[in-house]
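To start, the structure itself, in structure tokens.
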Amino acid sequence: MKPEIYIKDLKNHAGETVTLKGWLYNKRKSGKLRFLILRDGTGLLQCVVFKGSVSEEVFAKTADLTQEASFEVTGTIRAEERAMGGVEMDVTDFNILGESVDYPITPKEHGPEFLMDKRHLWLRSKKQMAVMRIRHRIVKAIRDFFDERGFTLFDPPIITPNAVEGTSTLFETPYFDLGMAYLSQSGQLYAEAGAMALGKVYTFGPTFRAEKSKTRRHLTEFWMVEPEMAFFDLDDDMDLAEEFLEYIVQSVLKDRKEDLITLERDVEKLEKIKRPFPRISYDEAVKILKKKGHDFQYGDDFGAPDETVIGEDYDTPVMIHRYPAAVKAFYMKRDPENPELALAVDVIAPEGYGEIIGGSQREDEIELLLERIKEHDLPQEFFEWYLDLRRYGSVPHSGFGLGLERTVSWICGLDHLREAIPFARMIYRNTP
RNA sequence: UCCACGAUAGCUCAAUAGGUAGAGCAUGCGGCUGUUAACCGCAGGGUUGUAGGUUCGAGUCCUACUCGUGGAGCCA
């Protein structure tokens, strides 16, 4: 039977007698007085058990209640300054539903390996619940943003016959009589087909990278949202990315501030995420690095430490555009003013969180695209369908990809991507 | 793949110069009518990651391996 009421809704129910269901977050006792902290997924509530006001039997049962045991509890809700959340319950009745013997996560410090081994239980703790609620709010903001602007959700395949970008390593799997298939590392090429059909589309789903990356910024399975728009040039693309990030951050601030505070996030820093964001060219970014005395070779891509240095002078994300074409993907359009440069943009999050968006205007001329495919040594036969998009009514178009976990990590102020997703998949971990 | 660091009680850590492995939390028992990671008392709990070596003696020094951590590269 479902609960009649949840903790988050109790504030306006002072004086009422209610029955709640949930799990024991923690307890404290003091002789004939016991404090049970109930967790029901919406909040925490202190339930007070006086020996004098419950039966001998009920009082005895509360002694057996252990951390994370499930129980139902009946009592009167009362405003109480001393309790967290401003209300507490005077218990009159109580039943244990499911025992919990030797719960491994104690209200004390634990190391990351231990907590990741117990991830399925770690998710029950206050901060992890806050992260999951913020992740959910971000996902909703992403969907709302595109839905409100005439985009159509367009789901690309996850099983694909070849590399989209040719660079990263892919997870492979045998596929019946067709040889090896690969898990998608990006839905972008398919999104381009969608944009030619529907004008403005976005993909949103998991992607897979078999790179042997071992850093706090990498997962092998992560979620990415990729809008793709017909007739958008690079400037239009950057306008959209900027508005998009502002929308996401402000939505979280509006609805999930409580969770940000639980995470001890510096909310003021997020409040500064307002348009316009600085837009600097690759050339200007290199000058900034050199001016700050960093050893950097013109023509290289920026590494994580370079990104941090470029971003550190700004309160907002920074957009870096027009990269050397040699370090970027084959499908990016060249800058008509300098064919050595690609019409690409990376958006660097503040506070050292690094690249959260990568985008570009796409090459729309078939001859140039054919050249690029040859230069990158890609098998043309796999790209025939993609080339058709240029053969039949090609138009300028652009798009970008936003890494969901990196965005969650930045907004929550996490120090590792593994906490930004319920069950992280990393090079040395695929459990639980 | 490379670099750096780490592995001691269920968990987080300590152990001075190589000399009998300790504490807090958790667990069990007892006490307490306002606790906020409650507190107080008592108790149980260890093949110091694995294998080998040096030494009268190794948690500590040496070698190899395993596992982990985060950084480079790569990327979102």
Side-chain angles (χ1 to χ4, degrees), chain A residues 25-37 44-53 59 63-64 66-68 78 80-85 88 90 100-118 121-122 125-126 164-170 185-188 204 206-226 241 300-308 327-329 345-349 353-359 400-410 415-418 420-421 426-429:
Chain A
Y25 194 77
N26 198 2
K27 73 173 172 185
R28 288 175 282 276
K29 58 192 177 90
S30 174
K32 291 162 186 161
L33 185 59
R34 282 170 190 164
F35 301 96
L36 313 176
I37 313 300
L44 298 175
L45 177 72
Q46 177 157 282
C47 305
V48 186
V49 189
F50 269 106
K51 190 170 189 178
S53 45
F59 191 77
D64 298 331
T66 52
Q67 196 186 356
E68 287 302 326
R78 173 170 47 75
E80 172 57 69
E81 274 183 15
R82 288 172 291 187
M84 64 189 109
E88 67 179 21
D90 288 320
S100 170
V101 181
D102 296 328
Y103 188 74
I105 301 178
T106 62
K108 247 318 209 204
E109 291 164 46
H110 299 283
E113 187 191 358
F114 178 79
L115 289 170
M116 285 306 287
D117 283 343
K118 303 277 183 271
L121 302 175
W122 187 23
S125 64
K126 238 190 298 193
V164 168
E165 301 183 19
T167 50
S168 306
T169 356
L170 296 163
Q185 58 177 336
S186 165
Q188 183 208 310
F204 195 4
T207 53
F208 306 88
R209 307 260 167 110
E211 295 155 359
K212 292 194 169 179
S213 298
K214 269 193 76 179
T215 82
R216 68 180 75 189
R217 297 182 310 281
H218 290 88
L219 299 171
T220 55
E221 176 184 314
F222 65 97
W223 283 62
M224 187 154 68
V225 54
E226 295 176 286
D300 287 351
D301 204 352
F302 300 122
D306 304 318
E307 289 176 349
T308 304
V327 301
K328 288 293 181 185
V345 58
D346 282 358
V347 183
I348 313 300
Y353 279 92
E355 185 181 345
I356 49 171
I357 281 180
F400 60 82
L402 170 107
L404 178 64
E405 287 75 19
R406 286 190 181 174
T407 305
V408 172
S409 189
W410 162 48
D415 60 12
H416 201 300
L417 229 48
R418 66 186 154 216
I421 187 169
M426 294 172 294
I427 175 168
Y428 292 127
R429 175 179 294 280

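Quick note on labels: first sequence line is chain A, next is B, and so on, each numbered from 1.
Taking the C1' atoms as reference points, rU20(B) lies 16 Å from rC56(B), given to the whole Å. For rC29(B) and rC61(B), the C1' atoms lie 44 Å apart once the distance is rounded to whole Å. Spacing between rA26(B) and rA51(B) at atom C1', rounded to whole Å, works out to 33 Å. With C1' as the reference atom, rA37(B) and rG24(B) are 12 Å apart, rounded to whole Å. Look at the P atom in both rU55(B) and rG49(B): the space between them is 23 Å, to the nearest Å. Comparing rG22(B) with rU48(B), their P atoms are spaced 14 Å from each other, to the whole Å. The gap from the P atom of rG70(B) to that of rC13(B) amounts to 14 Å, rounded to the nearest Å. A distance of about 32 Å separates the P atoms of rG19(B) and rU69(B), rounded to the whole Å.
With sequence neighbours excluded, no residue forms a ring-ring contact (aromatic ring centres under 6.0 Å, His included) with Tyr103(A). Taking the side-chain hydrogen bond (donor to acceptor under 3.5 Å, both in side chains) definition, one finds that Gln67(A) meets it with nothing, sequence neighbours left out. Partners of Lys212(A) according to the side-chain contact (heavy atoms from CB on, under 4.5 Å) rule, which considers only residues two or more places apart in sequence or in another chain, are Ile427(A). Residues passing the side-chain hydrogen bond (donor to acceptor under 3.5 Å, both in side chains) test with Glu405(A) are Arg135(A), sequence neighbours excluded. By the side-chain contact (heavy atoms from CB on, under 4.5 Å) test, Ser53(A) pairs with Phe50(A), sequence neighbours left out. Qualifying side-chain contact (heavy atoms from CB on, under 4.5 Å) partners for Phe114(A), counting only residues two or more places apart in sequence or in other chains: Pro104(A), Ile105(A), His110(A), Lys118(A). Legend: residues meeting side-chain contact (heavy atoms from CB on, under 4.5 Å) with Asp415(A), ordered by chain and number and at least two apart, are Arg216(A), Glu419(A). The side-chain hydrogen bond (donor to acceptor under 3.5 Å, both in side chains) test applied to Glu113(A) returns no partner, not counting sequence neighbours.
Of the residues near RNA chain B, Ile37(A) and Gly358(A), the one whose nearest nucleotide (by heavy atom distance) lies more toward the 5' end is Ile37(A).
Among the protein residues, Leu417(A) comes within range of the nucleic acid bases, having at least one heavy atom under 4.0 Å from a base atom. Among the atoms of the strands shown, none is found under 4.0 Å from any heavy atom of Asp346(A). Residue contacts shown for Lys212(A) include a base, since a base heavy atom lies under 4.0 Å away. When heavy atoms are screened at a 4.0 angstrom cut-off, Phe222(A) is found touching base atoms of the nucleic acid. At the heavy-atom level, Leu219(A) lies under 4.0 Å from base atoms of the strands shown. Residue His110(A) is classed as a sugar-phosphate contact, given heavy-atom separations below 4.0 Å to backbone atoms only.
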Can you list, pair by pair, the side-chain donor-acceptor contacts under 3.5 Å of residues 300-307 of chain A, counting residues two or more places apart and other chains?
residue	atom	partner	partner atom	Å
Asp306(A)	OD2	Gly303(A)	N	2.8
Glu307(A)	OE1	Glu355(A)	N	3.4

Short N/O separations, protein against nucleotides 69-71 of chain B, under 3.5 angstrom:
residue	atom	partner	partner atom	Å
rU69(B)	O4	Lys214(A)	NZ	2.9
rG70(B)	OP1	His416(A)	NE2	3.2
rG70(B)	OP1	Arg418(A)	NH1	2.9
rG70(B)	OP1	Arg418(A)	NH2	2.7
rG70(B)	O3'	Arg216(A)	NH2	3.2
rG71(B)	OP1	Arg216(A)	NE	2.6
rG71(B)	OP1	Arg216(A)	NH2	2.3
rG71(B)	OP2	Arg216(A)	N	3.3
rG71(B)	OP2	Arg216(A)	NE	2.6
rG71(B)	N7	Lys214(A)	O	3.2

Between protein and nucleic acid, restricted to nucleotides 28-34 of chain B and to nitrogen or oxygen atoms under 3.5 Å apart, what atom pairs and distances do you find?
residue	atom	partner	partner atom	Å
rC32(B)	N3	Gly31(A)	N	3.1
rC32(B)	N4	Gly31(A)	N	3.4
rU33(B)	OP2	Lys32(A)	N	3.3
rG34(B)	O2'	Arg82(A)	NH1	3.1
rG34(B)	N1	Glu88(A)	OE2	2.8
rG34(B)	N2	Gln46(A)	NE2	3.3
rG34(B)	N2	Glu88(A)	OE1	2.8
rG34(B)	N2	Glu88(A)	OE2	3.2

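We find that CZ of Phe302(A) is positioned 13 Å from P of rG73(B), with the value rounded to whole Å. Put simply, CZ on Arg209(A) is 17 Å from P on rG73(B), counting in whole angstrom units. Atom pair Glu355(A):CD and rG73(B):P shows a separation of 13 Å (rounding to whole Å applied). Summarising the geometry, the separation between CD1 on Ile427(A) and C1' on rG68(B) is reported as 13 Å, rounded to the nearest angstrom. Taking atom CD of residue Glu307(A) and atom C1' of nucleotide rG73(B), one finds them 13 Å apart after rounding to whole Å. Rounded to a whole Å, the CG atom of Asp117(A) is 14 Å from the P atom of rC67(B). For the pair Asp102(A) CG and rG44(B) P, the interatomic distance rounds to 19 Å; values are reported in whole Å. Atom P of nucleotide rC25(B) and atom CD of Gln67(A) are separated by 15 Å, given to the nearest angstrom.
Base pairing in RNA chain B yields stems of at least 3 consecutive Watson-Crick or G-U pairs, both distances under 3.5 Å, namely B:1-7 with B:66-72, B:10-13 with B:22-25, B:27-31 with B:39-43, B:49-53 with B:61-65.
Side-chain atoms of Thr220(A) never come within 3.5 Å of backbone atoms of Ala210(A) as a donor-acceptor pair (strictly under, hydrogens ignored). Of the possible donor and acceptor atoms, none in the side chain of Arg406(A) sits under 3.5 Å from a partner among the backbone N and O of Tyr353(A).
With rG73(B), rC75(B), rA26(B) as the candidates, the nucleotide lying closest to the side chain of Ser213(A) is rG73(B).
For the pair Arg34(A) and Phe59(A), the cation-pi criterion (under 6.0 Å, within 45° of the ring axis) is fulfilled.
Of the residues listed (Thr106(A), Ile37(A), Leu44(A)), the one engaging Asn26(A) in a side chain to side chain contact (heavy atoms under 4.5 Å, CB included) is Ile37(A), and it is the only one.
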